[in-house]
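Below is one structure, written out as structure tokens, with a few remarks after it.
Owing to the predicted nature of the structure, the values given are computational and were not obtained by experimental measurement. Here is how names work: the chains are called A, B, and so on, in the same order as the sequence lines, proteins then strands, and each is numbered from 1.
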2 protein chains.
Amino acid sequence: MPNNQFRRGELYSVINGMASTAVARRLQKNFRNAGLEITIEQWSVLYHLWKEDCLSQQELCNRTFRDKPSITRLIDNLEKQKLVKRMPSKSDRRINLVCLTDAAKELQDLTIDLANQTMNEALIGVNKDDIETVKQVFQKVYDNLT
Amino acid sequence: MPNNQFRRGELYSVINGMASTAVARRLQKNFRNAGLEITIEQWSVLYHLWKEDCLSQQELCNRTFRDKPSITRLIDNLEKQKLVKRMPSKSDRRINLVCLTDAAKELQDLTIDLANQTMNEALIGVNKDDIETVKQVFQKVYDNLT
DNA sequence: TGAAATTAGTTGCATAACTAACTATATGCC
DNA sequence: GGCATATAGTTAGTTATGCAACTAATTTCA
């Protein structure tokens, strides 16, 4: 199990996503403790659908930074759990629109609360300017590489 | 495929490790282009062994922030590729010491160069103080959650 | 109009992650 | 000494990721 032997100055740890996986693990645990059976990856898809329902799979790829096979399988699993439904687009028969079910709509408030709580726990003692800096660095890194 | 539609101010994207996975993907690609068949996960294990050879699996868990089954399988795969060898510890028969082979030692310089190059590409236009801030925030988040 | 190229999505294969349950060895303590 | 507990590592099952190759529908353009 991970412990606290991380040493400051270890840039390669950034590659391994140390902090973000710690957040992800905690959020997953908080979902489980609340009796929710969704994974954080599934939740991240739902999150974008709550903001805008019935997106194409390609649009979900763009918004969640995943490739197409990943989205295909996440949607497969979400469909099995009856949280989303694939609807063929009327204007372009190549496209599946992914739409929320009522069951998924009911998860929105609770899970977003849990996510906010988790982020608050994670960010105790971190000041707002530094959070802004992290976001800007992430954006820059992402832009540099894509 | 991920594109550049990320919007600033989207904290949940941090959860998904957007930037660190972009770095990981790029490093993986750079390995492949150099004809190296190792994954970045395998490389992260080798990286710690280059700093200190013949660590126990538990110690590799601690240093790479992975759980025990993950390390078991990474070592399985590294052993298949003849890059490490499990050696039973003489003082404690529960322990496997994971030691580098000569083949692995030869990978050190090239792969660390590739990693440095990748980090440099990723960090173009990011100033040193901001990198320090990111590392400190990561450390704080990690400490908060563990 | 019709062939070539592009776009949306799926499938197969390999690697890796997490959880839970397991074996084997070592340690603590009465 | 011997039982309870802790530690090191493995195995099984599910989910997720990355890549390459694939099908089907749409667009481009000669």
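Here A:Arg32 reaches the OP1 or OP2 of C:dT19: one of its side-chain N or O atoms lies under 4.0 Å away. Distances shown here put a side-chain N or O of B:Arg66 below 4.0 Å from the OP1 or OP2 atom of C:dA17. Under 4.0 angstrom from either OP1 or OP2 of D:dG9 there lies no side-chain N or O belonging to B:Thr72. Side-chain nitrogen and oxygen atoms of B:Arg93 include none within less than 4.0 Å of the OP1 or OP2 phosphate oxygen of C:dA24. For C:dA8, the OP1/OP2 oxygens have no side-chain nitrogen or oxygen of A:Gln57 closer than 4.0 Å. For A:Asn96 and C:dA8, the shortest distance from a side-chain N or O to OP1 or OP2 is not below 4.0 Å. The phosphate of C:dC18 has OP1 or OP2 within less than 4.0 Å of a side-chain N or O from B:Ser70.
The distance from the NZ atom of A:Lys29 to the CG atom of B:Leu145 is 9.0 Å, given to the nearest 0.5 Å.
Atom-to-atom, CD of A:Glu79 to P of D:dT15 comes out at 15 Å; the value is rounded to the nearest Å. One interatomic measurement links the two molecules: CG of B:Leu27 to C1' of D:dC19, which rounds to 17 Å at whole-angstrom precision. Summarising the geometry, the separation between CZ on B:Phe31 and P on C:dT15 is reported as 17 Å, rounded to the nearest angstrom. Atom C1' of nucleotide D:dA16 and atom CG of A:Asn77 are separated by 9 Å, given to the nearest angstrom. Between A:Ile75 atom CD1 and D:dA16 atom P there is a gap of 11 Å when expressed in whole angstrom units. Atom NZ of B:Lys90 is separated from atom P of C:dT25 by 18 Å (rounded to the nearest Å). For B:Met87 and D:dG9, the CE to P distance is 15 Å, given to the nearest whole Å. Taking atom NZ on A:Lys68 and atom C1' on D:dC19, their separation rounds to 13 Å, with Å as the unit.
Defined by atom type and a distance below 3.5 Å, a donor-acceptor pair is present between the side-chain atoms of A:Ser70 and A:Asp67. Between the side chains of A:Asp113 and A:Gln117, no donor-acceptor pair is found at a separation under 3.5 Å.
Between the side chain of B:Arg94 and the base of D:dT7 there is at least one donor-acceptor pair of N/O atoms closer than 3.5 Å. Counting atom types as modelled, A:Arg73 pairs a side-chain N or O with a base atom of C:dG12 as donor and acceptor under 3.5 Å.
Within 4.0 Å (heavy atoms only), A:Asp76 reaches no atom of the nucleic acid at all. Counting any heavy atom pair closer than 4.0 Å across all strands shown, B:Leu74 reaches sugar-phosphate atoms only and no base atom.
Looking at A:Glu121 and A:Arg26, a side-chain N of the basic residue comes within less than 4.0 Å of a carboxylate O on the acidic one, giving a salt bridge. Electrostatic pairing of B:Glu132 and B:Lys128 does not count as a salt bridge here, judged by no charged N lying under 4.0 Å from a carboxylate O.
Both A:Gln28 and B:Thr39 lie near DNA chain C, and the one whose nearest nucleotide falls closer to the 5' end is B:Thr39.
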